[in-house]
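Below is one structure, written out as structure tokens, with a few remarks after it.
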Amino acid sequence: MMVEAFPICFFEQVPSQAGFTDRFGRKLTYLRISVTDRCNMRCDYCRPSADAYKAESHAQILRYEEIERIASVAASLGVTKIRITGGEPLVRRDLPQLIEKLSNISGITDLALSTNATLLGKYADDLVKAGLHRINVSIDSLNTLRFRKLTGGELAPVLAGIQAAKEAGLTPIKLNTVLMRGINDDEVAGLIDFASDIGATIRFIELMPMKQGLNWEKHYISIDEILKRDDVKERVDVDTALQTGNTAARYLPMKDASGEVGFIMPMSERFCEGCNRLRLTADGGLRSCLPADNQLNLRDLLRSGGSDDDIRAVFLRSALIKPEIGTYDFDSDTEKRSMIHIGG
Ligand code: SAM
């Protein structure tokens, strides 16, 4: 559901260097920007079944100039961090050009990219030259056949892409693995070893019930259950209290002291209290909470001549309607509520 983005005059707020705040005092400093709802993989947990999924037409998707303008307004309100996501951002043509535009925006101090890494071998150097700071790579299995079945893609280019990113200096690299019972939950120890070997930090994410081709009830597994497993306890110091930072992930030290392992628990331990995020969908929806469907329409505002002040007012309104707690309503199972559509 796209809500009309009427400028609001009654909600005045003085922008500060440290972000603007919502009704619950949370400072909003982080904007995740989806640049496409297309992907060169077809992970079942991310999108509705292949037949049910339709990407937006190119005309519906924000142009780079439009994204740059929205990001500039966000920065003027105090947003300091931008993550580019999708779909798969690197399937969008000339992504380094957008990265360069965003890296030149005053106030943006952290510019990151989430990617499946398949095209990083081709683009890593250009992304660094354009001003990208760091990357997160999704990797859900190290088994070639399983990887293919799960993602519809190939593991080899992903590994080559991670290597290219390292060589290009896109470090520290973070790896993200969505945990799925009966699909890849037997690979936690192997993935921890892999991350340690390549000098990356791995984070395990609980499966969220978005609109997807995978049965959530059947495949959800909690981090708590994972931390009880012997092969995980051998590697990770599970007795240390989980460290919180200002991110969604909580970290535990590795037993051999070579680093830490992250756990993201959107289902078993909501991190809404510290949420500092807004999301911009590829088709120009401003969304202040991942599972809440009350997104505001920035694209139509821009294309009908809206001013920067009008855009700013939409950001403030988005903060105003950001729910205190994000709840996954299983009945509101609309097509557009898939991660590929919103931007992960
Ligand atoms: N294509 C890029 C990638 O592979 O990282 C960026 C987009 S992807 C949607 C971003 C993140 O969302 C990935 O880490 C993915 O694993 C996560 N994700 C997608 N659907 C999810 C779900 N149902 N539950 C938990 N995480 C999910």
Side-chain angles (χ1 to χ4, degrees), residues 32-49 53 55 82-92 95 112-120 123 127 132 134-141 147 150-155 157-159 161-162 165 170 173-181 183-185 187 191 195 200-223 226 247-249 262-271 277 279-282 287 290-291 326 328 330 333 336-344:
R32 294 171 78 101
I33 300 178
S34 172
V35 294
T36 179
D37 61 348
R38 290 164 196 257
C39 190
N40 51 1
M41 288 190 176
R42 46 161 183 75
C43 308
D44 286 339
Y45 57 78
C46 188
R47 56 193 279 173
S49 62
Y53 184 69
I82 287 178
R83 172 173 300 282
I84 299 299
T85 183
E88 170 49 40
L90 288 171
V91 301
R92 179 137 179 200
L95 189 75
L113 172 76
S114 287
T115 174
N116 62 30
T118 45
L119 294 170
L120 266 181
Y123 291 116
L127 289 167
L132 185 72
R134 52 203 186 83
I135 56 163
N136 286 5
V137 174
S138 298
I139 183 161
D140 297 323
S141 175
F147 187 92
L150 189 56
T151 68
E154 294 297 323
L155 182 60
V158 172
L159 300 179
I162 293 172
L170 277 174
I173 294 174
K174 284 187 185 152
L175 306 178
N176 287 334
T177 301
V178 178
L179 287 169
M180 290 160 278
R181 186 188 297 282
I183 295 183
N184 68 350
D185 60 320
E187 285 198 60
L191 281 156
T201 300
I202 189 153
R203 292 119 48 96
F204 295 96
I205 308 172
E206 286 176 348
L207 181 67
M208 289 181 269
M210 307 295 288
K211 171 78 175 171
Q212 58 203 16
L214 194 73
N215 182 326
W216 182 82
E217 276 92 351
K218 185 170 170 205
H219 294 294
Y220 169 73
I221 180 165
S222 72
I223 295 294
I226 292 292
T247 67
F263 299 93
I264 302 181
M265 298 169 272
M267 304 314 298
S268 67
E269 197 191 305
R270 298 270 162 84
F271 37 80
R277 302 166 178 203
R279 288 181 149 82
L280 180 65
T281 64
R287 205 170 170 105
L290 174 64
Y328 292 84
F330 290 81
D333 205 9
K336 290 205 171 182
R337 211 155 153 277
S338 61
M339 203 68 112
I340 193 169
H341 224 113
I342 296 171

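Atoms within each ligand, like the ligands themselves, are counted from 1 in listed order. Note that this is a predicted model, so its numbers are computed, not measured. We count residues from 1, following the sequence as given.
- With values rounded to the nearest 0.5 angstrom, Lys211 atom NZ is found 12.5 Å from His341 atom NE2.
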Quiz item: Does the pair Glu88 and Thr36 meet the rule for a side-chain hydrogen bond (donor to acceptor under 3.5 Å, both in side chains), with working shown?
Solution: CA-CA 7 Å; Glu88 170 49 40; Thr36 179; over 6 Å; no
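- With rounding to the nearest 0.5 Å, the separation of CD1 in Ile173 from CZ in Arg134 is 12.0 Å.
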Exercise. Would you check, one step at a time, whether the test side chain to side chain contact (heavy atoms under 4.5 Å, CB included) holds for Glu269 with Ile223?
Key: CA-CA 9 Å; Glu269 197 191 305; Ile223 295 294; over 6 Å; no
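- Side chain to side chain, Arg287 and Thr281 fail the donor-acceptor criterion of an N or O pair below 3.5 Å.
- When Cys46, Cys43, Gly344 are checked for heavy-atom proximity to atom 12 (O) of ligand 1, Gly344 turns out nearest.
- Of the possible polar contacts, one joining the Asp140 side chain to the Val178 backbone as a donor-acceptor pair under 3.5 Å is found.
- Between Met41 and ligand 1 there is no heavy-atom distance shorter than 4.0 Å.
- Of all the atoms in ligand 1, the ones that sit under 4.0 Å from a non-hydrogen atom of Glu206 are 25 (C).
- Residue contacts with ligand 1: Gly87 is included, with a non-hydrogen atom under 4.0 Å away.
- Of all atoms in ligand 1, numbered sequentially from 1 with element shown, those under 4.0 Å from a heavy atom of Thr85 are 6 (C), 7 (C).
- Of all the heavy atoms of Leu214, none lies under 4.0 Å from any atom of ligand 1, so neither backbone nor side chain is involved.
- A side-chain contact (heavy atoms from CB on, under 4.5 Å) with Cys39 is found for one member of Asn116, Val91, Thr118, Leu90 and no other, namely Asn116.
- Annotation: atom 4 (O) of ligand 1 to nearest protein heavy atom, Ser138 OG, 3.1 Å.
- Of the residues listed (Arg277, Arg279, Arg32), the one engaging Leu290 in a side-chain contact (heavy atoms from CB on, under 4.5 Å) is Arg279, and it is the only one.
- Considering backbone and side-chain atoms together, Tyr45 places an N or O closer than 3.5 Å to an N or O of ligand 1.
- Residue contact check: Gln212 has heavy atoms under 4.0 Å from atoms 23 (N) of ligand 1.
- Heavy atoms of Asn116 found under 4.0 angstrom from ligand 1 belong to the backbone as well as the side chain.
- Residue, atom and distance of the protein heavy atom nearest to atom 24 (N) of ligand 1 are Met208 N, 2.9 Å.
- By heavy-atom distance, the residue among Met339, Met210, Met180, Lys211 lying nearest atom 27 (C) of ligand 1 is Met339.
- Of the options Arg32, Glu88, Arg203, Arg47, the smallest heavy-atom separation from atom 2 (C) of ligand 1 is shown by Glu88.
- Note that NZ of Lys218 is 7.5 Å distant from CD1 of Ile183, once rounded to the nearest 0.5 Å.
- Distances from ligand 1 to the non-hydrogen atoms of Ile340 include no value under 4.0 Å.
- Close N/O approach between Ser114 and ligand 1 is not found [any backbone or side-chain N/O within under 3.5 Å].
- Nearest protein heavy-atom neighbour of atom 16 (O) of ligand 1: Val178 CG2, 3.0 Å.
- Heavy-atom proximity to Thr115, at under 4.0 Å, picks out these atoms of ligand 1: 2 (C), 3 (C), 4 (O), 5 (O).
- Distance check, rounded to the nearest 0.5 Å: CZ of Phe204 to CG of Asn176 gives 10.0 Å.
- The main-chain N or O of Gly87 is never found under 3.5 Å from a side-chain atom of Arg47 such that the two would form a donor-acceptor pair.
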